[in-house]
Amino acid sequence: MAFAAVGAVIAPRSTAQAAPAAPATKVVHAAPHGSGKACTPARPCSPQAARDAARTIGGRDVRIELADGTYEMSEPLVLGAADSGRDGHTVTWNAAPGAHPVLSGGRALTGWDKSADGTWTADVPEGITPRQLFVDGERAQRARGAACAASTCDATKTGMTGATATGIAKWTRPTGAEAVIRVRWRDYHCRITGVEGDNLTFAQPCWTNSTSGTDRTGPAWDSTAVDSARYSGVAFFENARELLDRPGEFVWDAENRTVTYLPRKGEDMRRARVLTPATEHLMVIDGAHDLRVQGIGFAHAAYGQPSTDEGYAGTQAGLTLTGATGPVDHAGRHYTKPSAALTVRGGRHVTVTGAEFTHLGGAGVILEAGTKESSVTRSRFTDLSSGAVYVGDTEPKPDAELAGERNTVAYNTIRRTGVEYTDAVGVWAGYEAGLSIDHNTLDDLPYSGISVGWGWNQPEAQKSVLRDNRITDNRITNVMRVEHTQHDGGAIYTQGAQPGTVVSGNYINRSAYGNTERDGNGIYLDEQSSYIRVEGNVITRVGYKWVSNWADYGIQNHATGNWTDTDTPVLTGTGSTMEDNHTKLDRLPADALAVAARAGARPTPAEQLRPDLARTGTASQSSTDGAAPAANATDGDTSTDTRTLSEPGAWWQVDLGEARHVGQIEVWNNASMATADFDVRLARTADFSDATTTTVHVTGRALRPTLLDTDAEARYIRIKLTGTGRVALAHVLVHPART
């Protein structure tokens, strides 16, 4: 008998069977001009055929790969429950390796004819209403005119005066034009339907829904309708042939079904690629689960409602009031969201990632109707007529299956949205629970950046499903842009009682900066915002309050450990606190710079504050009215004001203590925006008689702030009226020249 060698190891024979290998992912191939049902790399099919093929595959992950190119969508790609991942698997719609597929709702306009006046005209196919036009990838602007003050264009419940003074009464086709009106946080677009003498009438129900007294708009105390005291006039009329006078403008003529365009320099309409959005929805995911959309582009989706008689009767954040009748609704339960290129309804575990949304007539993505545990991540949104991402709905107490829960919006880049509907916000959320809005970058927006919550303290909304939301580590810059005249918002805006909600680690820079009135905020805990913790945010260069909690029925909010360059009154809300905040800074410390740099979709250095030479100076003024001393303008706080008596040549000044090289002066007007038409004088001597004295004149009201770049050696800086009135200031900063 043979024996094993000493030390040898004899392994026992295993009786266990090897685990079966997981089935490989099944790949289905689609291409812009695919056909048939093979769906192979050599014989790709259409997206619709790829969807149908994927439905027959079970027991494995499925990936539908879209080849490079533009997919012209005459109708949306609809994915339902049958298109879900099954038995723990996932269905993924994604770009093929190295490809950049784009679902497009655009239609090309061709056959352009040139007129003697330099304009070009093309016919438009039936069924298309060009509201936007993109020429070689650049958005054109509907031809628009000048503003019309309320004294001329006086709005009432039935219409408006001003047809004669504006020249509209003599237009060839005034009924193709629209009035665009902005009142505080609202934006209205209504089409003219008739001209009789000096009076204009407008499409219905658009006009009625834009006026007061419907009992369908909220809050009940709202005074921002077109016929309210807040109305200051028409921002502009648009879409009339008589207004077509600037390169890059176009006009849609519905009667003749033509578009007329005035080219920009260098554009050749015989070779240009001109697209107009025609298809409203590009992808609709309805009732699906375990579905992933990755690396796909969405472009040129339309938004049809504003071109109908419904128009655009803005309510807040891009939602509108629609319908000629409806229930009494002071809490916005029945407002209408804009259309979106991609809509998810009742989704579960739906992921949208690495997508690009651009050149849209409406919004980017909507997650609604009880979508849960779904996300929009690492995507880019730019050049959108409305907002980027809408999450949730407006019903405060939805049935469980319709409640939005545990959704995520993270690591997205959102720039230049709200291009046409300037009341839209970057990211909007209604009545959501467990929502995470994290590490997004938002820049160049006309109104608020992120808005979470709804209801305005109306009785039906005081107790809702809102709770445990997180707005964290976002970078929000250049929002509430003053040229769009949308007021009363903030970089981060909240509504409603939402226990467990946290706003932390965000970097906010320039919200309502350069504003025309005192109402733009950094973090705005509006109305009944309650139980919210505001912690560790960096907030600079804000037109009014870095954190605002004005309503006493907003309760138990807490702001702590934040960094800001101003101060603010204490939180008004009952039981609310402010503690351990770092305020009145003129330089951000290292820990604040680190927080700001980490915020956003990718690490980006913060904009450091500039030193303020006026802080250590001595302020004085020609006279003092009440408890408003000159030093209030150098206390580092934009919420305290100086005030002189009304007198000829009233002045305020600061003595820096010694001559300094001054590079910039910031003049912040007071709460009532009283200071107007003044000289800013810089001198070495107290009598301003030295030969190096510099004078800069400011016409009209100072802003918040008016920025004046200088290059002067000066010890004394004086702000002096050129006429009679008051000098009243919230803040004056004197920055040294950059070295």
Can you name the residues that form a salt bridge (charged side-chain N to carboxylate O under 4.0 Å, His left out) with [X], not counting sequence neighbours?
X: Glu310; result: none
X: Asp309; result: Arg191
X: Asp154; result: none

Suppose we screen for side chain to side chain donor-acceptor pair (under 3.5 Å). Which residues come up paired with [X], at least two apart in sequence or across chains?
X: Asp438; result: Thr472
X: Ser672; result: Asn670
X: Thr485; result: none
X: Arg416; result: Asp383

Mind checking side-chain contact (heavy atoms from CB on, under 4.5 Å) for Asn239 and listing every partner two or more places apart, or none if nothing turns up?
Arg142, Val251, Trp252
Residue set satisfying side-chain contact (heavy atoms from CB on, under 4.5 Å) with Arg107, at least two apart, ordered chain then number -> Ser74, Ile128, Ala278, Thr279
According to salt bridge (charged side-chain N to carboxylate O under 4.0 Å, His left out), does anything in [range] pair up with another residue at least two apart or in another chain? List the pairs.
range: residues 449-458; value: none
range: residues 239-248; value: Asp117-Arg241
range: residues 504-515; value: Arg510-Glu607

Ring of Tyr507, cation from Arg475 - is the NZ or CZ under 6.0 Å from the centre and inside 45° of the axis?
no
Would you call the rings of Tyr312 and His189 parallel, tilted or perpendicular, taking 30° and 60° as the class edges?
perpendicular
